[in-house]
Protein chains: 2
Amino acid sequence: MEMRKPSRGRPRSFDEDAVLDAVMRAFWEHGYEGTSVATLEAATGLKAPSLYGAFGSKEVLYHAALERYAREHGNVLRPDGPAREAISEFLYEAADQFSESGLPPGCMVSTAALALGVAQRGVATRPATMRSETLAGIEQRLRTAITEGELPAGTDAGALARLFGAVIQGMSVQAIDGATRRELRGLATAAMAAWPR
Amino acid sequence: MEMRKPSRGRPRSFDEDAVLDAVMRAFWEHGYEGTSVATLEAATGLKAPSLYGAFGSKEVLYHAALERYAREHGNVLRPDGPAREAISEFLYEAADQFSESGLPPGCMVSTAALALGVAQRGVATRPATMRSETLAGIEQRLRTAITEGELPAGTDAGALARLFGAVIQGMSVQAIDGATRRELRGLATAAMAAWPR
DNA sequence: TCATTTCTGTAGTGGTCGCTAAATAATGCC
DNA sequence: GGCATTATTTAGCGACCACTACAGAAATGA
């Protein structure tokens, strides 16, 4: 990681981690284009030059916020135990996380940067890559379950992974639209009925 | 609808329908905030005063584009026959529509206006309402299927409707991320396995 | 022909966008 | 204390935002 060298010069007047948390929430709630630097100033209490001095640009700030989101609020597929339980747990955790009070609804990655102006096209690639990595992770987990006999040999792991990924993405949309935790959990329950038997 | 009164005055130099189609595609691909009036000028070949004279503002133009999308590219649940076939057909049609070449990927409604700046908050309500109407339509169709005995009496129609809605929304996300028609159809197939038995 | 009506193009409006130069403030090193 | 270094504040940069006043152009009605 980065070294924290400077004991020389004027010290930072803010906690970089707390600032990044506020930035993350702003981007999470209003997206990349919907969050202006003025918004970030209001959310952090800092002025633009401090933000730029500490991070560099709105775009790297967004990427830093994305990484922080993945680290602090990201959901991971439990690698051990039956795949069915891992997926089920994954969906229920998503239902809970997407409806956590005190945080923006939905998922910062699942429904991020789906429509941007041409000038900001590049911003969308990182969230899109994260989504495809999630799909790939689910698919791999299902493939292992097939070779271990937990799933039938003919199971279409790719399609099933896309299904559970779509469920997560749809839960994010519906959470933003105001779905309750109870409703999202019910959705997760209904989705698990698609598990091959 | 609107009357076409004026035979007086200079006539329009453009086909309003063709212009609205171009506007719809621009908003569909780049979203509300990602589409500037300059973008719309380029997409339509018109100058701003013509657009404003014919429609009024960027926001009503967006709403007009949404209505056109629903009318021209919208997907409806077939009201007759078995509910299972209606839902299945609905999903496969979505898979095809979201991956139609020559049109922007994904659905203009399913993943629209999920993150906007505070000043544009109001723009999101119409797409959100359209999504909730779709969910309500699916749920009603499932309730009917329950009373007619096609589905078990204990079926949670609301949760199942949210599931199929989430599948549509997730297919839109994945189409935007580059999923092929074949992959989206496989997703639809996997989703139908959640149909209660 | 001429007045009226409506549309189009030019050329802007004030406001906000992301970003930064320059001055000032706060620290460590000598 | 003096100097180098780094951070913050003030003020403002050019570019773009959605939108529009105004003048000219193109139609109809008299």
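Note on naming: letters A, B, ... go to the chains in the order of the sequence lines (proteins, then strands), and numbering restarts at 1 for each one.
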Touch check for T39(B), heavy atoms < 4.0 angstrom, all strands: base, sugar-phosphate only, or nothing? nothing
For the pair K47(B) and E41(B), find out whether any cationic side-chain nitrogen is under 4.0 Å from an anionic carboxylate oxygen. no
Whole-Å distance separating the NZ atom of K58(B) from the C1' atom of dA18(D): 8 Å
Regarding T39(B) and S36(B), do their side chains bring together a donor and an acceptor under 3.5 Å, going by distance alone? yes
Pair R25(A) + E29(A): basic N to acidic O under 4.0 Å: no
How many whole angstroms separate atom CG of L40(B) from atom C1' of dC17(D)? 12 Å
Can you tell me how the ring of F27(B) sits relative to the ring of Y32(B), calling it parallel under 30°, perpendicular over 60° and tilted otherwise? parallel
Atom-pair distance (CG on L116(B); C1' on dA18(D)), nearest Å: 16 Å
Closer than 4.0 Å, any side-chain N/O of S13(A) to the OP1 or OP2 of dA7(D)? no
Here the distance between atom P of dG15(C) and atom CD of Q120(B), to the nearest Å, is 17 Å
Nearest-nucleotide wise, let me know which of G45(A) and E33(B) is further upstream toward the 5' end of DNA chain D. G45(A)
Nearest-Å distance for atom pair OH/P, residues Y62(B) and dC19(D): 15 Å
Would you please confirm or rule out a distance under 4.0 Å between OP1 or OP2 of dA25(D) and any side-chain N or O of R10(B)? no
Side chains of Q174(A) and E183(A): is there a donor and an acceptor less than 3.5 Å apart? no
Between the base of dA27(D) and the side chain of R8(B), is there any donor-acceptor pair under 3.5 Å? no
Separation of dT8(C) P from D15(B) CG (nearest whole Å): 12 Å
Of the residues in residues 46-55 of chain B, which ones touch DNA chain C at a heavy-atom distance under 4.0 Å? K47(B), P49(B), S50(B)
In this structure, how many angstroms lie between the P atom of dC19(D) and the CD atom of E41(B), rounded? 12 Å
Can a salt bridge be assigned to the pair E16(A) and R12(A) using a cut-off of 4.0 Å between side-chain N and carboxylate O? yes
Go through dT8(C), dC17(C), dC19(C) for me and flag the one nearest to the F14(B) side chain. dT8(C)
Residue pairs passing the ring pair (Phe, Tyr, Trp, His ring centres under 6.0 Å) test where at least one lies in residues 67-101 of chain A, sequence neighbours excluded: W28(A)-Y69(A), W28(A)-H73(A), Y69(A)-H73(A)
